S.K.: 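My questions all concern the structure below.
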Number of protein chains: 2
Amino acid sequence: MTYSKDMTTQQHTTTDAGLASELRLAVMRLRRRLATERHPDNDLSLGAMAVLAALCRRGEMTLGALADFERVQPPSMTRTVNCLEKGGYVARRPSDTDRRQVLIAITDLGRVTVAADRERRDAWLAKRLGGLSADERAVLRAAVPIFERIANE
Amino acid sequence: MTYSKDMTTQQHTTTDAGLASELRLAVMRLRRRLATERHPDNDLSLGAMAVLAALCRRGEMTLGALADFERVQPPSMTRTVNCLEKGGYVARRPSDTDRRQVLIAITDLGRVTVAADRERRDAWLAKRLGGLSADERAVLRAAVPIFERIANE
DNA sequence: TATTGTTATACTCTATAACTATA
DNA sequence: TATAGTTATAGAGTATAACAATA
């Protein structure tokens, strides 16, 4: 394997091979940037808010389904749900059909919190998005479902 | 390059307000997915590999500049660089002009490691990218520099 | 006095392994 | 015996605060 100038010094990606690396690093950095934009008004972590948003959109889910969806192991999700339950953002109930399963549902407080969080974060990100051209926003809008697909494959 | 209707009409994000939320959650999940795709052949973390890649591309940098670039605090970068130095992937040297500063440079081993890691990860992600249409790959390629811009703003 | 980097310490998130209870 | 979830424990990564060396 040779290390040509292109491979080590290029600014943007023009090849499919480079795309994977570039995308990976870009996603990492953007995620860290988003994580540091912290919220003052509630005590929930980024991960907890993501779970809340999932429940808000998809309705009641089992703990296992939530763990799969968020790509974490069940013990991690138990921890997150404990945190959310203690704050009154979600409620647990045993499944009627299989009493090993636990169904998690969002509460009214949870819904309000999701809406407020979305508004606040959108304000931050939207400010950045506002600096983009219409074409660039279109790129991001198109990228979202592709990301979902890759992540869930 | 324009992103016309077929690429931008999605069921999820049709408004700019929703775009910020969707993008944020999608980035989080994809990042977690990428993080779980672990490497068997070296002992470096995702963050350490990102630092190595930055040094490979941009050349020698001070610790502070690296911290800024990767969006972490200086103590975190010190830790990461210690790890890289111990493994022989980078070398420290004091700056000639300002002896408070420490310059970090990638070694030959570091360069080889970056290339190998890139190849391996690309294989994983490229497999997913291979399942996409040419248009979809074009979207991702266009998204990368936009992400960089948002993250570094 | 201000700045660059390091050390000390603690917190958050995540994972694996062992356990409980249902199926 | 297998599965869903929990508890116990440990590791990785990050941050803030206090410190050292230099400007």
Side-chain angles (χ1 to χ4, degrees), chain A residues 25 27-29 31-40 42-52 60-87 90-105 151, chain B residues 25 27-40 42-52 60-87 90-105:
Chain A
L25 296 173
V27 164
M28 277 185 57
R29 269 197 287 275
R31 182 264 177 188
R32 201 168 314 154
R33 185 74 175 91
L34 291 170
T36 56
E37 273 309 310
R38 281 268 166 175
H39 40 278
N42 77 51
D43 55 338
L44 298 177
S45 73
L46 208 64
M49 281 309 310
V51 169
L52 218 47
E60 205 173 41
M61 294 170 77
T62 67
L63 188 131
L66 263 180
D68 281 353
F69 185 68
E70 291 297 325
R71 292 271 163 195
V72 297
Q73 292 301 308
S76 301
M77 190 50 69
T78 292
R79 198 185 142 108
T80 301
V81 168
N82 284 346
C83 192
L84 287 168
E85 192 183 31
K86 195 150 58 182
V90 304
R92 274 185 171 92
R93 76 174 180 87
S95 163
D96 299 326
T97 56
D98 182 342
R99 279 164 56 189
R100 291 172 304 181
Q101 293 186 328
V102 175
L103 290 163
I104 322 290
Chain B
L25 297 173
V27 165
M28 276 184 57
R29 269 198 288 275
L30 180 55
R31 184 263 177 189
R32 205 169 307 153
R33 185 75 175 89
L34 291 169
T36 56
E37 271 312 309
R38 281 268 165 176
H39 41 279
N42 77 51
D43 55 338
L44 298 177
S45 72
L46 207 66
M49 282 308 310
V51 169
L52 219 48
E60 204 172 41
M61 293 171 77
T62 67
L63 188 132
L66 263 180
D68 281 353
F69 185 68
E70 290 298 324
R71 292 272 162 194
V72 297
Q73 292 299 309
S76 302
M77 189 50 69
T78 291
R79 201 183 140 107
T80 301
V81 168
N82 285 345
C83 192
L84 288 168
E85 191 183 31
K86 195 152 57 183
V90 304
R92 275 185 170 93
R93 75 173 180 89
S95 164
D96 299 324
T97 56
D98 182 342
R99 282 164 54 188
R100 292 172 305 182
Q101 292 186 330
V102 174
L103 289 163
I104 322 290

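Note that the structure is a prediction, hence the values are computed from the model and not measured. The analysis underlying the following values was restricted to heavy atoms, covering all of them including side chains, and did not include hydrogens, waters or symmetry mates. Just so it is clear: chains get the letters A, B, ... in the order the sequence lines come, proteins before strands, and each one is counted from 1.
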S.K.: For A:Asn82, which residues count as a side-chain hydrogen bond (donor to acceptor under 3.5 Å, both in side chains) partner, sequence neighbours excluded?
M.R.: A:Arg92
S.K.: My understanding is that only residues two or more places apart in sequence, or in another chain, count here; which of them pass side-chain contact (heavy atoms from CB on, under 4.5 Å) with B:Ala67?
M.R.: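 Per chain and number, B:Ala67 pairs via side-chain contact (heavy atoms from CB on, under 4.5 Å) with B:Val72, B:Met77.
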S.K.: Tell me the interatomic distance from A:Met49, atom CE, to C:dT12, atom P, rounded to whole angstroms.
M.R.: 17 Å
S.K.: Rounded to whole angstroms, how far apart are CG on A:Leu84 and C1' on D:dT6?
M.R.: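 One finds 16 Å between C1' of D:dT6 and CG of A:Leu84, rounded.
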S.K.: Could you state the CZ-P distance from A:Arg31 to D:dG13, rounded to the nearest angstrom?
M.R.: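 Going from CZ in A:Arg31 over to P in D:dG13 covers 12 Å.
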S.K.: Without decimals, in angstroms, what is the distance between B:Arg29 CZ and C:dT14 C1'?
M.R.: 17 Å
S.K.: List the protein contact pattern of nucleotides 1-7 of chain C with one symbol per nucleotide (5' to 3'): B for base contact, S for sugar-phosphate-only contact, - for none; contact means a heavy-atom distance under 4.0 Å.
M.R.: -BBSSBB
S.K.: Reckon A:Ser76 has a side-chain N or O less than 4.0 Å from the OP1 or OP2 of C:dC13?
M.R.: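 No.
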S.K.: Answer yes or no: does a side-chain N or O of B:Ser45 lie under 4.0 Å from OP1 or OP2 of D:dG13?
M.R.: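 Yes, such a contact exists.
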S.K.: From CE of A:Met28 over to C1' of D:dA12, roughly how many Å is that when rounded to an integer?
M.R.: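 Taking atom C1' of D:dA12 as the reference, CE of A:Met28 is at 13 Å.
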S.K.: Tell me every residue that passes salt bridge (charged side-chain N to carboxylate O under 4.0 Å, His left out) with B:Asp98, counting only those two or more places apart in sequence or in another chain.
M.R.: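 Testing B:Asp98 for salt bridge (charged side-chain N to carboxylate O under 4.0 Å, His left out), a comparison that skips the adjacent residues, returns B:Arg100.
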S.K.: Apply side-chain contact (heavy atoms from CB on, under 4.5 Å) to A:Ala105 and list each qualifying residue two or more places apart in sequence or on a separate chain.
M.R.: A:Glu60
S.K.: List for me each residue that meets side-chain hydrogen bond (donor to acceptor under 3.5 Å, both in side chains) alongside B:Glu70, sequence neighbours excluded, and say none if there are none.
M.R.: A:Arg29
S.K.: More 5' along DNA chain C: A:Gln73 or A:Asp96, using each one's nearest nucleotide?
M.R.: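 The residue whose closest nucleotide sits nearer the 5' end is A:Gln73.
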S.K.: Taking all heavy atoms of A:Ile104 and all of A:Thr62, pick out the closest pair and write down the distance.
M.R.: CG1-C, 4.4 Å
